[in-house]
Amino acid sequence: MKTFCKTALCAVGMGCAFAALAQASAAPAQAQWKLATGYRAESFHTRNLVQFAQEVEAASSGVLRIEVFANNTLAKLADIPAAVQSGKAQAGETIMTSLVADMPIAGADAVPFVVHSYADARRMWSLQRPLIEGHFARKGLIALYAVPWPPQGLFSIAPVKSAADFKGTRMRTYNPGTVRIAELLGATPVDVPMVEVNKALGAGQLDSMIASALTGVENQVWGQIRQYYGIDAWFPKNIVFVNQQAFDALPTATRQAVIKAAAEAETRGWAMSEAVAQESVAELQRKGIKVDRPTAELNAELKRLGERFSREWLRSVGGEANQLFIPYYTQR
Ligand code: PCA
């Protein structure tokens, strides 16, 4: 009580207990958020999330504590948006392409051969962001930041020379876009969550997949996979978002701290992604996987497939797709 007895209230003769009460009610209430992600604790996206949580806690002087639940432990990847909407979690991270059923424009990330570099991916995000924010707002969610996976390459248990080599094989998929690509190649799509790729390969369930080199490293795919082709097909992004009500319940300064830490997490995450992109390809090579370019024939076939995919996508998404792609292709 000693410290409180130095207050003005004590000086005018009021009791220390009363002074303490007055001070306590002025202190902002503490909030505790649960943040769900479907990826492993050691993956760079999750490490970035944990740092974001630590920075928010420090900047808000402990007013907001965010606990990160990795590896689908609070909700499965596909269920995370619903969990955040319902308040089971206050915040979450998912891969944007898993949102396409509700917001088709989120699939722009996985249209093959549109984004060729991190610089392109940045430009795509700056155009996509306002559209995504609008959809999130209509669901009572706020988009905080997005970070891309490294470019998507082609893994295969055997060398592939042309699209015909995929006929009748099993291709791992992780979103509606990869399912369509498998179909266009005449392969059977096999849906396997990122954290179970190693198990599925070990069980002999897969012949190929399109994913980042990092995903190959995290899943130690070198037991079965012999080939990696750096086709840089697309740069899918993870998005971190929060329940609007939970956000609005925070004091203004804490809300500002969240927005600032989110902007920093976005910048940091993009740099991490770019760094792990290069490291992972080198690691695949060190583990004995043959890192190669696709043959001219396969390359041409994949590009044609990408064009067909784009046409289908533009037709099915309609107006918003044009709102994104027209400036993307014209404002270079
Ligand atoms: N890895 C995630 C999504 C994109 C990627 O590179 C996955 O394989 O599910």
Side-chain angles (χ1 to χ4, degrees), residues 36-49 70-72 75-81 92-100 106-118 121 124-125 146-157 170-182 187 189-202 205-222 224-225 228-240 269-270 272-284 289 291 309:
T37 179
Y39 298 104
R40 294 185 179 93
E42 58 272 22
S43 77
F44 87 92
H45 279 110
T46 312
R47 285 188 281 114
N48 192 31
L49 264 180
N71 211 0
N72 302 301
K76 288 213 184 312
L77 188 68
D79 302 331
I80 290 175
E93 178 195 53
T94 194
I95 184 160
M96 269 173 53
T97 54
S98 74
L99 301 165
V100 294
D109 283 41
V111 181
F113 309 118
V114 171
V115 165
H116 302 286
S117 64
Y118 279 92
M124 160 77 81
W125 177 223
V147 169
W149 288 86
Q152 306 291 287
L154 172 64
F155 293 86
S156 176
I157 60 170
R170 296 148 311 165
M171 184 174 231
R172 181 250 166 175
T173 59
Y174 67 79
N175 64 7
T178 45
V179 169
R180 184 68 188 131
I181 289 168
V190 184
D191 183 48
V192 180
M194 147 84 175
V195 294
E196 287 170 26
V197 165
N198 181 285
K199 207 166 73 190
L201 276 168
Q205 292 164 354
L206 305 174
D207 301 302
S208 68
M209 70 170 178
I210 298 181
S212 57
L214 170 69
T215 293
V217 172
E218 283 192 15
N219 283 287
Q220 305 185 0
V221 297
W222 33 85
Q224 290 77 24
I225 296 285
Y228 174 79
Y229 301 96
I231 58 173
D232 292 357
W234 63 91
F235 290 61
K237 291 185 291 286
N238 279 4
I239 186 155
V240 178
W270 284 67
M272 288 168 106
S273 179
E274 220 166 331
V276 294
Q278 289 167 10
E279 286 161 20
S280 321
V281 176
E283 178 66 1
L284 292 178
I289 290 181
V291 174
F309 188 111

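Just so you know, ligand 1 is whichever comes first in the structure, and atom 1 is the first atom listed for that ligand.
- Put simply, CD1 on Ile95 and CG on Leu77 are 7.5 Å apart, with the number rounded to the nearest 0.5 Å.
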- Task: For Met194 and Tyr174, run side-chain contact (heavy atoms from CB on, under 4.5 Å): C-alpha distance rounded to whole Å, both residues' side-chain angles, the deciding distance at 0.1 Å, then the answer.
- Result: CA-CA 7 Å; Met194 147 84 175; Tyr174 67 79; over 6 Å; no
Where does ligand 1 get N/O contacts under 3.5 Å from the protein, atom by atom?
{"from": "ligand 1", "atom 1": "1 (N)", "to": "Thr215", "atom 2": "OG1", "distance (Å)": "2.7"}
{"from": "ligand 1", "atom 1": "6 (O)", "to": "Gln152", "atom 2": "NE2", "distance (Å)": "3.0"}
{"from": "ligand 1", "atom 1": "6 (O)", "to": "Ser212", "atom 2": "N", "distance (Å)": "3.0"}
{"from": "ligand 1", "atom 1": "6 (O)", "to": "Ser212", "atom 2": "OG", "distance (Å)": "2.6"}
{"from": "ligand 1", "atom 1": "6 (O)", "to": "Thr215", "atom 2": "OG1", "distance (Å)": "3.2"}
{"from": "ligand 1", "atom 1": "8 (O)", "to": "Arg172", "atom 2": "NH1", "distance (Å)": "2.7"}
{"from": "ligand 1", "atom 1": "8 (O)", "to": "Arg172", "atom 2": "NH2", "distance (Å)": "3.3"}
{"from": "ligand 1", "atom 1": "9 (O)", "to": "Arg172", "atom 2": "NH2", "distance (Å)": "2.9"}

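- Not counting sequence neighbours, the partners of Glu218 by the salt bridge (charged side-chain N to carboxylate O under 4.0 Å, His left out) test are Arg40.
- Applying the side-chain contact (heavy atoms from CB on, under 4.5 Å) test to Arg170 and every residue at least two apart in sequence or in another chain returns Thr188, Val190, Asp207.
- Every ring-ring contact (aromatic ring centres under 6.0 Å, His included) that Trp149 has, sequence neighbours left out, goes to Tyr39, His45.
- In this structure, the side chain of Tyr118 engages the main chain of Ser273 through a donor-acceptor pair within 3.5 Å.
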